[in-house]
Structure formats: C-alpha cells, structure tokens
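Remember, it's 1-based here, ligands and their atoms both numbered in the order they're listed. Heads up: numbering here begins at 1 and tracks the sequence.
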Amino acid sequence: MNTFQAPKGTYDLLPPDSAVYLAVREAISAPLRNSGYGYIETPGFENVELFARGVGESTDIVTKEMYTLTTKGGSELALRPEGTASVLRAALEANLHKAGNLPVKLWYSGSYYRYERPQKGRYRHFSQVGAEAIGAEDPALDAELIILADQAYRSLGLTGFRILLNSLGDKECRPVYREALQTFLRDLDLDDETRRRIEINPLRVLDDKRRDVQRQLTDAPKLRDYLCDACRVYHAEVRDLLTAAGVAYEDDERLVRGLDYYTRTTFEFVHDGLGAQSAVGGGGRYDGLSEMIGGPELPSVGWALGVDRTVLALEAEGITLQLPPATSVFAVPLGDEARRLLFGVVTELRRAGVAADFSFGAKGLKGAMKNANRSGARFTVVLGERDLAEGVAQVKDMESGEQKPVPLAALVADLTAKLT
Ligand code: AMP
C-alpha cells in the first residue's frame, strides 16, 4: 500500500483548485444567509439510531452505505450520511422550535460519508451545503428553498441544470397509493431483492434505473391520481409560486428520492453535463420526520446541494469563476537588512487588507522572481542593497512589466492605493 494515498473514494482538495470549492460553498450559502437562515454546525457523527429511524431502515443509505462504529464505551455511532436528521435532532435538543419563532431556518455546510461504489461524481466522502426550514407548513417555504437553490446555481453562472418536481402526498393519501402500487408491483417479474423492496418501500421501486424494470412500470398507478385535495392544492400553490418567480421546473412523477422521510414536495436539481451522477442537489418536505425520531409534529422542508458535483457542473459548462487573486503583492528582499524591512512592509500591507506574500528561505533573485510569478501577484516589490541606500524599492507591475522606484516611506500607501 502506498502510504501517500487517500482512502478509496476520497480525494484531497488542494490549492489552487480548493479555492473554487470555497467559492462554491460561499455562493450556495449566500442566498440563504440573505433570507433569514442561521448557520448551524452539528457533529460529524451521531448515534446510529438517529439515521436508522430518521433516514429509514429500508433505504440504501442505512442498510448499505453507512460508516458505523462501536466506541470503546460501547456506543453505536455512524458518520453522518446526510444532514437533515442531525439538524433536526440538534434543533429539537436545543428547543429551537419552542422559541416561538417558526419556522426555524438553518443552513449548514460540511462533510458527509457514504460507503458507495466510487465513480466520477460519487465519492465516499463528499461535501454538501444544506438548508432546513423547520416547523411550518407553507407552500411559500417550499418555493423559497427551490428559488434560493436556483439563485445559488445561477449566481455561479450555471445554466445547464433542470429542476424536477413532484409531490409524494401525505399521511392521508400516500398509504392508499402505496397499497395500489404494491398490488401492481407484486404481479411483475422482478428479482427477490426488488420483491422485498415492494413490501418495505414500494415507491423506491419506481426509482429503479434498470431498463427491464422501467419497462414493466409503464402502467404503474400514478401518485398524481391519488393525491388528496389538501396535497393537490398545496402542490399547485408551490408550482404557481415558482412560476411567478420565473423559476422553470419539470414535473417528474418518478421522483421519489432515496430517503424515507419525504412527504409532499420533493425536488431534485439535475445537470445534464454530468453523466450518470447527474443530481447536483435535492430535497423536499419531511412533515413526519420529527415524530419519526421522537419529537413533536413539526412539518419541515429542506435541501442539500452537493459541492463536489456543483464543481463538476462548472467544469462541464466550461465556467471559470472570477476569484480574487490569492496574492496581490509579492515581496522580494535581497540581503538581511532588506529582509527585515520588507517583512515589516508585508505585515503592514496585510493589516491594511492587502493580500501580500513574501519570499521565504534563502533564495537568489531568479528563484524569488519565479515564486513571485507563480503567486499570481499583481505587483512585485524588490528591495536590493542599492535601493536600500537610495531609500526606495522597485515596484514591478507584473501585468505590464513596467518597473518603478517608490520611496520606502510611501510604499504601503502607494501599493494600497494602486490596489483599491
Ligand atoms: P441526497 O441526500 O442523496 O439527495 O444528496 C444530495 C446531494 O448530495 C446530491 O444531489 C449530490 O450532489 C450530493 N451527493 C450525495 N451523495 C454523494 C456522493 N456519494 N458523492 C458526491 N456527492 C454526493
């Protein structure tokens, strides 16, 4: 085994590419921060029971994909495979829902872990930015979240994504549909595992990607035909609000999503440039989840957008984000005295808010200039012995190549003025 190899299905984020990930997280969270969502951070692991009860004991996530461990003290923990159950657990634990200010709107950003078969866009460690609005049943809230995700993607310049929308019904109408679907599915020619799934979670059979399964599903009963009036009206309102906001969506009756807790509105953002792993984000309403994990009735809605896949979507669309340069000024001292003086200048520049870096280690002018070039700095300041004697530094504009002496006393002010 090569010791310098990240575990299978994982990868490291390294500069300069890592800057794109930071920018994506920032872009996805910006619309949330601007819409009343407060930041929440929960542990990277939880009691395994939370996910078993919350995500659903029949889901792939819980049965196959969870990283579980037993602590030395005998607790059964799981690395979090998703964010919603943890965020709801934290909100209930802190009684946020009792503060009299519903919905509780929260956003988060972090690492998630699923033991999946790795491929492009599917990793065992990945990154999501998510949002949850807890404790309100209001179609405007569902619409708000979809609109904010749309806004986030558009702010990155993405246009090649589509929004798939569906309603899964509620505790009144979904069981009736479930039974009709089970009756239909039991007559099909399916393998044993799929047969078992019919009894545990028949809606997920609709999600089966295999062609021979899909072919048999053409005449499956449609949830749309079973929605109760309340669900129908609710869904129509969500759709109207999206349309009024100019957000285009496609109705997708097959969209059931891989988690058990969804009710009513479900949606997925898919990007057509990503191949098999085309879902860049998804979410929906989970009115029953709080009760499933032992809390009070708290109808809620949320989404999670994948940072890794959003970066792949940017690549697929050939979008290069305009990121501020990591370094604006690079300082190159020649000699010990110049070194002390320029280090002070760099400190001052940084305190003035200018991104500045310094040529560290004993290097000749040539090596230092190479570093200056690589840093992407707009200006390089060179201070040689003769400059020092004359009380100036050479400021080189790395774009035009032009170089000018600037009095040392005016250096910080001069560079700050040039850069702001
Ligand atoms: P889900 O909770 O499965 O709907 O995931 C929400 C989003 O997280 C997906 O749309 C993906 O963008 C991302 N995601 C989920 N699983 C993975 C994975 N194994 N690797 C990379 N991204 C993932």
Is there a ring pair (Phe, Tyr, Trp, His ring centres under 6.0 Å) between F343 and F358 once you walk through the steps? CA-CA 7 Å; F343 189 71; F358 187 73; 5.3 Å; yes

Which atoms from ligand 1 have a heavy atom of [X] less than 4.0 Å away?
X	result
F126	14 (N), 15 (C), 16 (N), 17 (C), 18 (C), 19 (N), 20 (N), 21 (C), 22 (N), 23 (C)
A304	6 (C), 7 (C)
Y123	18 (C), 19 (N), 20 (N), 21 (C)
A279	9 (C), 10 (O), 11 (C), 12 (O)
G121	20 (N), 21 (C), 22 (N)

Kindly identify the option in R124, Q128, R309 whose heavy atom sits closest to atom 5 (O) of ligand 1. Q128

With a 4.0 Å cut-off on heavy atoms, is E82 touching ligand 1?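 It does not; every heavy atom stays at 4.0 Å or beyond.
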
Quick one: do [X] and [Y] make a salt bridge, cutoff under 4.0 Å?
X	Y	result
R204	D60	yes
R33	E26	yes
E46	R80	no
D191	R197	no

Backbone or side-chain N or O of [X] under 3.5 Å from ligand 1 N or O:
X	answer
E116	yes
I61	no
R114	yes

Do K418 and F379 meet the cation-pi criteria used here (NZ or CZ under 6.0 Å from the six-membered ring centre, within 45° of the axis)? yes

Scan side-chain atoms only and decide if R25 and S127 contain a donor-acceptor pair under the 3.5 Å cut-off.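 Judged by distance alone, the side chains do pair up.
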
